Amino acid sequence: MASPDNGSVALEISENGIATVSFYHPAQNSLPSALLAQLVDKINEAGSNVETRVIILKSEGSRTFCAGASFDELLQIKDKEQGAEFFSGFAQVINACRKSPKIIIGRIQGKAVGGGVGLAAAADYCLATEAALVKLSELAIGIGPFVISPAVIRKIGLQAFSQLTIRASDFQTAYWAMEKGLYNEVYATIDELDLAVDALTQKLASYHPEALHGLKEILWEGTGDWDELLRHRAAISGELVLSEFTQAALKGFLQNKNRL
């Protein structure tokens, strides 16, 4: 686990087999490469543990589920290889969720932006609060949601993805996200959300593990090429982030602090 200033990722497994993978970063739960790598490790660890029946993916705090990529780190990228490596971090998290043998429940307590939307889409079932607005802001900073697009389109379809991408400066409501299929349930408060997550995961933990594994395989049918596909998409983003347009846009977002 990293220090609080650099963020952290934790894994806890309860006696009845509910594994909770949680992450935190002081910059609105944004994800630098070190945390992305830790997320992959913890998701894999939870999935490979024979005691695990179901996994909860969540972040800490009450305001923001995940603000996506770390803008500070994006500004430090000096060449396309470095850029591809950074965006491959999101690809690896999505693929870890995809290939996990366990059902993953997303707990989305607040806003999800960019890669945060991708994390929600990588979960098998999402519960959220009314405050869990969504936005794909990548076009506004000169890149696109290339790495996460397969996961997002798989959940909400091309038309809704087009709206979310082209309206890069606009948040969509949690109820919009539920109507389109990103979220499965929406609750008024975090307390209600947590009660619902607990009830659902307790129930899932009581089901036949092999039946849950079989369901997981069905849910991700047709995605066997995603290792290569997402690596290719990461390379596209990694090259675009080097442009003067994107570097200037990133600096503007950091100065104005208007990301969320």
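Values reported hereafter were calculated over all heavy atoms of this structure, with side chains retained and with hydrogens, waters and symmetry mates removed. Computed from a predicted model, the values in this text were never measured in an experiment.
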Exercise. Is it true that the side chains of Thr189 and Asp191 contain a donor and an acceptor less than 3.5 Å apart?
Worked result: no
Problem set entry | Non-hydrogen side-chain atoms of Lys216 and Ile104 separated by less than 4.5 Å | yes
Problem set entry | Rounded distance (nearest 0.5 Å) linking atom CD1 of Ile18 with atom CG of Leu204 | 8.5 Å
Exercise. Using 4.0 Å as the upper bound for N to carboxylate O, is an ion pair formed by Lys135 and Asp170?
Worked result: no
For this session: For the pair Met178 and Lys180, evaluate side-chain contact (heavy atoms from CB on, under 4.5 Å) and give the outcome as yes or no after the intermediate values.
Result: CA-CA 5 Å; Met178 182 169 67; Lys180 303 304 181 185; over 6 Å; no
Seminar exercise, completed: Distance col, row Asp194:CG vs Thr129:OG1, nearest 0.5 angstrom, shows 10.0 Å
Problem set entry | Spacing of OG belonging to Ser100 relative to CD1 belonging to Ile55, to within rounding of 0.5 Å | 3.5 Å
For this session: Answer with yes or no after comparing the ring centroid distance for Phe90 and Phe146 against a 6.0 Å cut-off, counting only values under it.
Result: no
Exercise. Can you get from Leu164 to Tyr175 by hopping between Ile, Leu, Val, Met, Phe, Trp and Tyr side chains that sit under 4.5 Å apart?
Worked result: yes
For this session: Check the pair Phe23, Cys66 against side-chain contact (heavy atoms from CB on, under 4.5 Å), reporting the backbone distance first and the verdict last.
Result: CA-CA 9 Å; Phe23 64 93; Cys66 177; 4.0 Å; yes
For this session: Assess the side chains of Ser33 and Glu73: does a donor N or O sit below 3.5 Å from an acceptor N or O?
Result: yes
Problem set entry | Asp227 with Lys99: basic N within carboxylate O range, under 4.0 Å | yes
Problem set entry | Ser149-Arg233 side chain donor-acceptor pair, cut-off 3.5 Å | yes
Exercise. Considering only heavy atoms from C-beta outward, does the side chain of Leu75 approach that of Gln247 to under 4.5 Å?
Worked result: yes
Exercise. Do Glu185 and Tyr187 meet the criterion of a side-chain donor-acceptor pair at a distance under 3.5 Å?
Worked result: yes
Problem set entry | Modelled atom types, side-chain donor and acceptor of Thr165 and Glu138, under 3.5 Å | no
Problem set entry | Cation-pi check, Lys111 onto Phe171 ring (under 6.0 Å, within 45° of axis) | yes
Exercise. Between Arg154 and Trp220, is NZ or CZ placed under 6.0 angstrom from the six-membered ring centre and within 45° of the ring axis?
Worked result: yes
Problem set entry | From Ile108 atom CD1 to Leu133 atom CG, the distance as rounded to the nearest 0.5 Å | 13.0 Å
For this session: Using only heavy-atom distances, determine whether the side chains of Asn29 and Glu60 contain a donor-acceptor pair under 3.5 Å.
Result: no
Exercise. Does any non-hydrogen side-chain atom of Pro150 lie less than 4.5 Å from one of Leu229?
Worked result: yes
